[in-house]
Amino acid sequence: MSKMAGLFRPKKLDLSGFTNTRLIRDHNKRIAFEQTEPERQALRYMIRNTSLPGRVRAQAQLQLSQMHAYTRPTQIKNRCVESGTARSVFRDFRINRYQFRMQALAGELPGVKKASW
């Protein structure tokens, strides 16, 4: 667990490119998930493997339940990189619909133009 403590509390934080604390937290969650995913997959495999003894499976289940919450894939949420909001985010552009509309009308999004027919 000592190596995990440094994962969630960085000593020096580079704030360039982040607009608010929600984006920083989401970024930390993504990094934590990426680094611990192989270990989580191995533990989940051990839990589901019925050929292993029950004690080993129970120990793997205990280890998995004691892992930090940021290592879970359900903690990751798509957020707008401009405003940090989590609602109505276009995955292709990583911005919400309001920011998309404003940037598209300003001509800041390549390949996007207002529809007319």
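Predicted model only: the values in this text are computed from it and were never measured. Counting begins at 1 with the first residue of the sequence.
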If you compare all heavy atoms of [X] against all heavy atoms of [Y], which two are closest, and at what distance to 0.1 Å?
X: P73; Y: F33; answer: CB-CE1, 3.5 Å
X: R22; Y: G84; answer: NH1-O, 3.7 Å
X: A69; Y: Q75; answer: O-CG, 2.9 Å
X: S83; Y: N96; answer: OG-ND2, 3.6 Å
X: S65; Y: L62; answer: OG-O, 2.8 Å

Between V81 and V112, is there a shared hydrophobic cluster once you connect ILVMFWY residues whose side-chain heavy atoms come closer than 4.5 Å?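 Both belong to a single hydrophobic cluster.
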Partner residues of F100 under the ring-ring contact (aromatic ring centres under 6.0 Å, His included) criterion, sequence neighbours left out: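 Here the qualifying residues are F90, F93.
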With rounding to the nearest 0.5 Å, note down the distance linking [atom1] in [X] to [atom2] in [Y].
X: R101; Y: I95; atom1: CZ; atom2: CD1; result: 13.0 Å
X: Q99; Y: S88; atom1: CD; atom2: OG; result: 10.0 Å
X: L64; Y: E39; atom1: CG; atom2: CD; result: 9.0 Å
X: Y98; Y: C80; atom1: OH; atom2: SG; result: 11.5 Å
X: N78; Y: T85; atom1: CG; atom2: OG1; result: 11.0 Å

Under a 4.0 Å threshold between the charged nitrogen and the carboxylate oxygen, would R30 count as salt-bridged to D26?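 Salt bridge between D26 and R30, a charged N being under 4.0 Å from a carboxylate O: yes.
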Within the structure provided, determine whether R25 and K29 are in side-chain contact (heavy-atom separation under 4.5 Å).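 Side chain of R25 against side chain of K29, heavy atoms only: contact under 4.5 Å found.
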Close side-chain approach of E82 and Q103, heavy atoms under 4.5 Å: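 Yes, at least one pair of side-chain atoms sits under 4.5 Å.
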Contacts under 3.5 angstrom, residues 41-56 side chains, donor-acceptor by atom type, not counting sequence neighbours:
unit_1: Q41; atom_1: NE2; unit_2: E37; atom_2: OE2; d: 2.5
unit_1: N49; atom_1: OD1; unit_2: S51; atom_2: N; d: 3.1
unit_1: N49; atom_1: OD1; unit_2: S51; atom_2: OG; d: 2.7

Report the residues that fulfil salt bridge (charged side-chain N to carboxylate O under 4.0 Å, His left out) with R40, sequence neighbours left out, ordered by chain and then residue number.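 R40 satisfies salt bridge (charged side-chain N to carboxylate O under 4.0 Å, His left out) with no other residue.
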